[in-house]
Amino acid sequence: MKLNDPTLLKTDSYINGAWHGGNTRFAVTNPATGDVIAEVADLGAAETTAAIDAAVPAQKAWAARTAKDRAMVMRKWYELIMANAEDLAVILTTEMGKPLAEAKGEIAYGASFIDWFAEEARRVCGDVMESPIPDKRFLTFKQPIGVFGAITPWNFPIAMITRKVAPGIAAGCACVLKPAEQTPLSALALAELAERAGIPAGVMNIVTGMDAPAIGNTLCADDRIRKMTFTGSTEVGRILMQQSAHTLKKMSLELGGNAPLIVFDDADLDVAIAGAMASKYRNAGQTCVCANRIFVQDGVYDEFARRLTEASAAMKVGNGMEEGVEQGPIIDSQGLDKIERHVADAVSKGAEVLTGGHRHELGGTYYQPTVLANMSSDMMMFGEETFGPVAGLFRFTSDDEAVAMANDTEFGLAAYIFTDSTSRLFRVSEALEYGMVSANTGIFSSEVGPFGGVKSSGLGREGSKYGIDEFMEIKFVCVGI
Ligand code: SIN
């Protein structure tokens, strides 16, 4: 890996402002080539407890500083990330596989949460309420919740960390974070830049390790951890919630999705195709908000299918470091197996392959951009997210039918609609049981909009003016006068 600043490539965990190697290490591989790119510290429960021990006093000292002071340190961190964006993107693409241009986009997206929450830190306000009792006065303070545990996924190795850590440290909290074992290098580079920015020892601790259950359980069971924040599968989110029940922690869970993308007859098809391509193939289909079920109304179904097939077949697949590549490899063989299972299941139940449908000729974990027609609700792809570059097309006739199919899932993260009718846009947006609705665009994520789901897609909101509240407690103070 060729970096302008090779000192950004860290392979030890970062605890209490120092780098810890531990006794054993695990291999991080490049999914584009299968090559081992680093051997990273393999830590576990004992080191997680040591990180919590360090975070407790560090949090108190950090919270005692003014919000303005914390904001200035965070702003420096943001600037260092932007100044090192090229190197961070190379690290990200090498360990995760997404195309370099997409990785650069993620660095800017990830950094935007730090910039945003540095500003939000200064706008935290309690209230003074009208008292119902003449000789009493009522007010509220907003205070940091304390030390939080964070567990982050491999699909956004930078942005899912900053979306959790930035509001937390802006609020005056400290964290112990476990990055995904597939992508620890981006997390450690962020820690190096946090240290250079002046984030004090113990405020941001990164524990790397293969034994995710041991690290997760240590965080959940420790009563000094007052909040858990997690992005990943619904299955693991439920386990973390159960493990946190004993110590009654506040939870933020950004879990699985099963996003519907609905194209109505009156949609501008240029916009709908661009939106479907952007949403479906972002990160090779490996995001929680990628379109998973594409519902297309009768009148435009054939034309939409033809144009989506043409655009999908033209995509350039390859190593994300190569110029012009639009889709990289799938993260690992388990991910690839799931995609194959979903496609085989759909085809066995009557789906028609319009393009793709197989592993890519490049080998490894590459998969062909795929479009399937004649999809139906008895197929696996209807009920579960595929997390891969497979666009399944379902035909519908009426608005009610589309909404009913879209809501027929335990998940409720993101939904997309394409229509030129304003009244339809409002009616359908209101009827969709989802935390986020994206209308006439395939990309909606931003530090300013609240990100989160309903039903089995999780709890809480990240980013936006609401995100910092997830890391604060409201204290009611009643003053007798
Ligand atoms: C995710 O897939 O979990 C995050 C996607 C986003 O932030 O847009």
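A quick note: this is a predicted structure, and the numbers were derived from the prediction, not measured. Indexing begins at 1, ligand by ligand and atom by atom, following the structure's order.
- Under the 6.0 Å distance and 45° angle rule, K98 counts as a cation-pi partner of F156.
- Using modelled atom types and a 3.5 Å distance limit, the side chains of T48 and K178 yield no donor-acceptor pair.
- Put simply, no part of Q286 is less than 4.0 Å from ligand 1, judged by heavy atoms.
- Each of the atoms 2 (O) of ligand 1 lies under 4.0 Å from some heavy atom of T287.
- Remark: N155 engages no residue in a side chain to side chain donor-acceptor pair (under 3.5 Å) (not counting sequence neighbours).
- Geometrically, ligand 1 and R163 share a nitrogen or oxygen pair separated by less than 3.5 Å.
- Of the N and O atoms on the side chains of D35 and N30, not one donor lies less than 3.5 Å from an acceptor on the other residue.
- In this structure Y109 satisfies the side chain to side chain donor-acceptor pair (under 3.5 Å) test together with R163, sequence neighbours excluded.
- Of all protein heavy atoms, the one lying nearest to atom 8 (O) of ligand 1 is S445 OG, 2.4 Å.
- Between the side chains of T355 and T309, no donor-acceptor pair is found at a separation under 3.5 Å.
- Proximity of C288 to ligand 1, defined as any heavy-atom pair under 4.0 Å, is shared by backbone and side chain alike.
- When non-hydrogen atoms are compared, ligand 1 lies under 4.0 Å from neither the backbone nor the side chain of E462.
- Assignment of Y109 to the shell around ligand 1 is supported, since a heavy atom sits closer than 4.0 Å.
- When hydrogens are left out, the protein atom nearest atom 5 (C) of ligand 1 is F156 CE1, 3.7 Å; that is the closest non-hydrogen contact.
- Separation of the F264 and F396 ring centroids falls under the 6.0 Å cut-off.
- At the shortest separation from atom 3 (O) of ligand 1 among protein heavy atoms lies E254 OE1, 3.0 Å.
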